[in-house]
Novice: 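The structure is given below, and queries will be raised subsequently.
Here the structure is a predicted model, which means the values were calculated and not measured. Order of appearance sets the numbers: ligands from 1, and atoms from 1 within every ligand.
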Amino acid sequence: MSVPILEVVDVHAAYGRIEVLRGVDLRVPRGSVMALLGPNGGGKSTLLKVISGQMEVTSGDVHLGGVNVSGAKPAELARLGLCTIPEGRSVFPNLTVEENLLLMSYAGVPAEQVLETAFGYFPRLEQRRDQLAGTMSGGEQQMLAMSRALASDPALLLLDELSMGLAPLIVEELYETVGQIAQSGVSILCIEQFAKTALAVSDYAAVMVGGRVIASGEPDEINESMADVMLGGAA
Ligand SMILES: Nc1ncnc2c1ncn2[C@@H]1O[C@H](COP(=O)(O)OP(=O)(O)O)[C@@H](O)[C@H]1O
Ligand SMILES: [Mg+2]
């Protein structure tokens, strides 16, 4: 088996004295999409903070493409090809769509190319290029946030609840784009409450409860064996 793009080994992490990650093990094979499911409070967002270098572990290791990145800073992780879209809308509300996109232009990626890629995936953003990002709908803001992932052409993309507060139709649309990003060769780990929508574009799924991954496998297996747990969220 080839080296996984992401491997989390027995990771523990705490907020103060309260341990929230209690021995997390997770492997995301290179080139695959994995949905990370489970009820609220299970530790999914905390795990994403650990992987993206925003929170320290108390023990355990994180490997990115075979490199031990435990303790690495976010900038270092970005250089290794990690891109994170955290919970909430990560756009600058007082800048226009175009200004937001230009800020996303990466070293070596010409601004024109960033705009072309974003507008290619989301024509709606082109129509609104001069509008302040904060005045767009939640779905449009999330499209703008996702354009950052497209611009950086990452090796691994981490997505935390793209669907938060959005109408189901918009969520479907966003996940179609997630599928397209995956087809371009990007590995993706997506946290999602809309289990069905996420599973539709996923190769694998894992379920997190109480600070541990309690099951992982192909979407069908997870769907069958974990129906009870997933009904805890908006299945
Ligand atoms: N900043 C924080 N300080 C203290 N406790 C937190 C903080 N963020 C999350 N928690 C707690 O950690 C646990 C896991 O939360 P979280 O990782 O957000 O779960 P999920 O994303 O699966 O809903 C919850 O009990 C939550 O209350
Ligand atoms: Mg969360």
Novice: If you have a sec, work out which protein heavy atom is nearest atom 17 (O) of ligand 1 and how many Å separate them, to one decimal?
Specialist: Thr46 OG1, 2.5 Å
Novice: Determine if the distance from atom 26 (C) of ligand 1 to the closest protein heavy atom is below 4.0 Å.
Specialist: no
Novice: Considering non-hydrogen atoms of the protein only, which is the closest contact for atom 19 (O) of ligand 1, and what is the distance?
Specialist: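 Answer for atom 19 (O) of ligand 1: Gly43 N, 3.1 Å.
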Novice: Tell me, do Ser202 and Val33 make a side-chain contact under 4.5 Å, heavy atoms counted?
Specialist: yes
Novice: Below 4.0 angstrom, counting only protein heavy atoms, does anything approach atom 21 (O) of ligand 1?
Specialist: yes
Novice: For Gly42, take its heavy atoms, then give the atoms of ligand 1 lying under 4.0 Å from any of them.
Specialist: 19 (O), 20 (P), 22 (O)
Novice: Is Met146 close to Ile181 at the side-chain level, that is, under 4.5 Å between some pair of heavy atoms?
Specialist: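 Yes, at least one pair of side-chain atoms sits under 4.5 Å.
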Novice: If every non-hydrogen atom of Tyr175 is compared with every non-hydrogen atom of Ile191, which pair is closest and at what distance?
Specialist: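 So the two residues come closest at OH-O, 4.1 Å.
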Novice: Going by heavy atoms in the side chains, are Met143 and Glu173 under 4.5 Å from each other?
Specialist: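 In short, these two side chains touch, coming nearer than 4.5 Å.
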Novice: Sorted by chain and residue number, which protein N/O/S atoms are under 2.8 Å from the Mg ion (ligand 2)?
Specialist: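 Per the 2.8 Å query on the Mg ion (ligand 2), atoms found are Ser45 OG.
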Novice: Any chance the side chains of Gln54 and Ser52 put a donor and an acceptor closer than 3.5 Å?
Specialist: yes
Novice: May I ask you to check whether Ser163 and Glu192 show a side-chain donor-acceptor distance below 3.5 Å?
Specialist: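 A donor-acceptor contact under 3.5 Å links the two side chains.
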Novice: For ligand 1, which atoms, with element, lie under 4.0 Å from some heavy atom of Asn40?
Specialist: 23 (O)
Novice: Side chains of Phe122 and Leu150: closer than 4.5 Å at any heavy-atom pair?
Specialist: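 Heavy-atom side-chain distance check passes, below 4.5 Å.
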Novice: Using a 4.5 Å cut-off on heavy atoms from C-beta on, say whether the side chain of Gln141 contacts that of Leu166.
Specialist: no
Novice: Counting non-hydrogen protein atoms only, what is the nearest one to atom 13 (C) of ligand 1? Give residue, atom name and distance.
Specialist: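 Checking every protein heavy atom, the shortest distance to atom 13 (C) of ligand 1 gives Val20 CG1, 3.5 Å.
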Novice: Work out which heavy atom in Leu125 is nearest to a heavy atom in Ser147; give both atom names and the distance.
Specialist: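 Of all heavy-atom pairs spanning Leu125 and Ser147, the closest is CD1-OG, 3.5 Å.
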Novice: Do the side chains of Leu158 and Leu82 get nearer than 4.5 Å, heavy atoms only?
Specialist: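 In short, these two side chains touch, coming nearer than 4.5 Å.
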Novice: Show me which atoms of ligand 1 lie under 4.0 Å from any heavy atom of Ser45.
Specialist: 17 (O), 18 (O), 20 (P), 21 (O)
Novice: In the protein, which heavy atom is nearest to atom 1 (N) of ligand 1, and how far is it?
Specialist: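 Sorting protein heavy atoms by distance from atom 1 (N) of ligand 1 puts Tyr15 CE2, 3.6 Å first.
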Novice: Do ligand 1 and Gly41 have nitrogen or oxygen atoms that lie under 3.5 Å from each other?
Specialist: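 Right, the criterion is met.
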Novice: Please tell me whether Ser70 and Asp61 have a donor and an acceptor in their side chains that are separated by less than 3.5 angstrom.
Specialist: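 Yes, side-chain donor-acceptor contact under 3.5 Å.
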